[in-house]
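See below for the structure under consideration.
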2 protein chains.
Amino acid sequence: MVRFMDKDSRSDVPLGRRSPMATTRVMVADRNVITRVGIRSILERNSGMAVVAEATTYEAVIDGVDEHGPDVLIIDLDLGDDTTRGLKLCEEIADRYPGTKILVLANTLSEMIVVEALRRGANGYMCKDEVKADELGKGVKAVQDGDTVLGRGVGSLVARGLGSTRGVHEHLTDRELDVIRAVAKGLSNKQIAHEIYVSESTVKFHLQNASKKLNAHRRAEIVHRASAAGLL
Amino acid sequence: MVRFMDKDSRSDVPLGRRSPMATTRVMVADRNVITRVGIRSILERNSGMAVVAEATTYEAVIDGVDEHGPDVLIIDLDLGDDTTRGLKLCEEIADRYPGTKILVLANTLSEMIVVEALRRGANGYMCKDEVKADELGKGVKAVQDGDTVLGRGVGSLVARGLGSTRGVHEHLTDRELDVIRAVAKGLSNKQIAHEIYVSESTVKFHLQNASKKLNAHRRAEIVHRASAAGLL
DNA sequence: TAAACACCTAGCCAAATGGCTAGGTGGGCG
DNA sequence: CGCCCACCTAGCCATTTGGCTAGGTGTTTA
């Protein structure tokens, strides 16, 4: 079952279905102290859950999950300078620790990232700026129950995306990202070619492919979209 | 006095200097519930301060300050779709309510925004992702005391910036921002000209000026910088 | 093994861009 | 009153770009 949390769909979330004594054990991964404290407060006070571990780096997430085996991992994919690594982390956790459900709590809302995260094993995706206090606890409970949760705004975004393009799961390759990052620095194709030791043609090739994947037609737009997706 | 919070300079913050009974009254403006709860927890539990009001929109900030007259306003400049409005808000608060000190707590760290905020009356600038739990309370106390506080990373950034370019306070005009936002959408100069009802020459003119101010040489770089500064 | 994929290269051409000079207007401020 | 500033326009020209077609390699995977 997939739960959308747009509008007033909150009423359909069945509360008290689970054994009331089984405290949900949560782990929080976010580089931001304020956010960690906030999540802890909300979860422990209002939902009777226990935050058993925290992490601020990609490495610490693995260690924490391994050591504490939480029921749910709330994670911000951006734990360093590379969101892509957060996605890989999702995959690894989902793979090695199937008992731990993953709820992504992101700063930015990008269709591409959402789809990628879900594809790689995340059980839910919510946006920090959109989520209401009570929704957080409900979201955690839902993913623990095995549901897929899409927070406010996320659901409609994905639905819209799925309708428009067939694949959508088209993610940028490493090389394409290299080129995009260079473009963001204001380099010309020639300069980029020189920087990454390939011909100018190759740079253009990667850029063309990236354009199609991001549905952009100008390098400025590519940079904008990549930036909005937290990719650079 | 300006306090930098890089490295281990925390030891030089004089604690207990103020009357121990005068509880600091704080107002928090941030669209993100988690952040609001987090700040409240940190401040009330560890520093004995009181969060007397919260706000999630630009309008509500003014109302809250007017009604509660907090000692310190902790604000995220990005309360909507336009960070520029947050800057104007700073100016207005500093102007009309000099009794309320302003501590900006930003998501992103951009030299331009920092300088602009301070120029318009903010008393401190900290970055959410960099700040440590204890620094938040100390920062609030410091701005209340009339000091200017620059959080970890912010101080060095500004110092570096001040040394490099003479002016730096060069901020983008409204029109330049219009054009940059259009560029980010992937429009050509011709399309932009049509969209904002000016000639193509004018679009190029604004872009050239923006290039100089942002020290960029290609539109992709302009978009990147503006994006990093939270301007689009 | 064949397909799929990331990656690399070449050339073509119209269109867009960057970098400049050289003008114009109206509003605000010392 | 000048002066600065945001804003608007024009033209020039070398360079860059977008979009295309048409190849090539090596690795992974069904």
Side-chain angles (χ1 to χ4, degrees), chain A residues 84 87-88 91 95 112 116 119-120 166-226 231, chain B residues 84 87-88 91 112 116 119 166-226 231:
Chain A
T84 310
L87 290 169
K88 287 179 189 141
E91 202 161 17
D95 233 43
M112 193 175 52
E116 270 302 300
R119 208 173 63 85
R120 299 196 188 213
R166 306 124 298 186
V168 191
H169 69 91
E170 314 215 72
H171 64 288
L172 299 171
T173 68
D174 293 343
R175 221 52 176 155
E176 282 157 5
L177 267 182
D178 289 343
V179 174
I180 292 176
R181 278 190 262 255
V183 168
K185 289 198 294 180
L187 303 182
S188 70
N189 290 341
K190 194 175 293 184
Q191 291 172 309
I192 297 170
H194 189 258
E195 190 162 278
I196 65 175
Y197 306 106
V198 295
S199 80
E200 200 177 329
S201 302
T202 306
V203 174
K204 291 185 70 174
F205 170 81
H206 288 307
L207 238 19
Q208 292 275 329
N209 289 334
S211 293
K212 285 165 191 160
K213 291 180 183 175
L214 294 173
N215 194 31
H217 302 272
R218 292 256 198 298
R219 41 177 55 207
E221 193 179 7
I222 295 178
V223 168
H224 183 206
R225 287 200 200 277
L231 257 20
Chain B
T84 311
L87 290 170
K88 287 180 188 138
E91 202 162 17
M112 195 174 50
E116 269 302 299
R119 207 172 64 83
R166 304 126 300 184
V168 192
H169 69 90
E170 313 216 75
H171 64 286
L172 299 170
T173 67
D174 293 343
R175 221 52 174 155
E176 282 157 5
L177 267 182
D178 289 343
V179 174
I180 292 175
R181 279 190 261 256
V183 168
K185 288 198 296 181
L187 303 183
S188 70
N189 290 341
K190 194 176 294 185
Q191 291 172 308
I192 297 169
H194 188 259
E195 188 161 279
I196 66 175
Y197 305 108
V198 296
S199 80
E200 201 178 330
S201 303
T202 305
V203 174
K204 292 185 71 174
F205 169 82
H206 288 308
L207 237 20
Q208 291 275 329
N209 289 335
S211 293
K212 285 166 191 161
K213 290 179 185 175
L214 294 173
N215 194 30
H217 301 274
R218 291 253 199 297
R219 42 178 55 209
E221 192 179 7
I222 295 177
V223 167
H224 183 207
R225 288 199 199 278
L231 257 20

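All values below come from the heavy atoms of this structure, side chains included, with hydrogens, waters and symmetry mates left out. Lettering follows sequence order; numbering is per chain, from 1.
Rounded to whole Å, atom P of dG18(C) lies 10 Å from atom CD1 of I192(B). Separating the CZ atom of R175(A) from the C1' atom of dG26(D) is a distance of 15 Å, rounded to the nearest angstrom. As a whole-Å value, the separation of E221(A) CD from dG18(D) P is 10 Å. One atom, CZ of F205(B), and another, P of dT17(C), lie 18 Å apart when rounded to the nearest Å. dT9(C) atom C1' lies 13 Å from atom CG of N209(A), rounded to whole Å. When rounded to the nearest whole Å, the span between NE2 of H206(A) and P of dA10(C) equals 13 Å. Here the C1' atom of nucleotide dC7(C) and the OH atom of Y197(A) are 18 Å apart, to the nearest Å. What separates CG of D178(A) from C1' of dC7(C) is a distance of 12 Å, to the nearest Å.
Residues E195(B) and A182(B) share a closest heavy-atom pair of OE2-CB, 4.4 Å.
Nearest to the side-chain atoms of H217(A) among the listed nucleotides dC7(D), dT9(C), dG19(D) stands dG19(D). Between dC7(C), dA10(C), dA10(D), one nucleotide has an atom nearer to the side chain of S201(B) than all others, and that is dA10(D). Comparing dG19(C), dC20(D), dT9(C) by their closest approach to the side chain of Q208(A) singles out dC20(D). Nearest to the side chain of T202(B), among dG19(D), dT9(D), dC7(C), sits dT9(D).
Counting heavy atoms from C-beta on, the side chains of K88(A) and R120(A) come closer than 4.5 Å. Contact annotation: the side chain of K185(A) never approaches that of Q191(A) to less than 4.5 Å [non-hydrogen atoms, C-beta and beyond]. At a threshold of 4.5 Å between non-hydrogen side-chain atoms, the residues I180(B) and L172(B) count as touching. Proximity of R225(A) to E221(A): side-chain heavy atoms (C-beta onward) are separated by under 4.5 Å at one or more points.
Across all strands shown, T173(B) has heavy atoms under 4.0 Å from sugar-phosphate atoms exclusively, and none from any base.
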Produce the list of close N/O pairs, under 3.5 Å, pairing protein atoms with atoms of nucleotides 15-17 of chain D; give distances to one decimal.
| from | atom 1 | to | atom 2 | distance (Å) |
| --- | --- | --- | --- | --- |
| dT17(D) | OP1 | R219(A) | NH1 | 2.6 |
| dT17(D) | OP2 | N189(A) | N | 2.9 |
| dT17(D) | OP2 | N189(A) | ND2 | 3.4 |
| dT17(D) | O3' | R219(A) | NE | 3.2 |

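Side-chain atoms of R181(A) come within 3.5 Å of backbone atoms of L231(A) as a donor-acceptor pair (strictly under, hydrogens ignored).
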Donor-acceptor pairs are to be reported for all side-chain atoms of residues 196-207 of chain B against protein atoms at under 3.5 Å, with residues two or more places apart or in another chain.
| from | atom 1 | to | atom 2 | distance (Å) |
| --- | --- | --- | --- | --- |
| S199(B) | OG | S201(B) | N | 3.3 |
| S199(B) | OG | T202(B) | N | 3.3 |
| S199(B) | OG | T202(B) | OG1 | 3.3 |

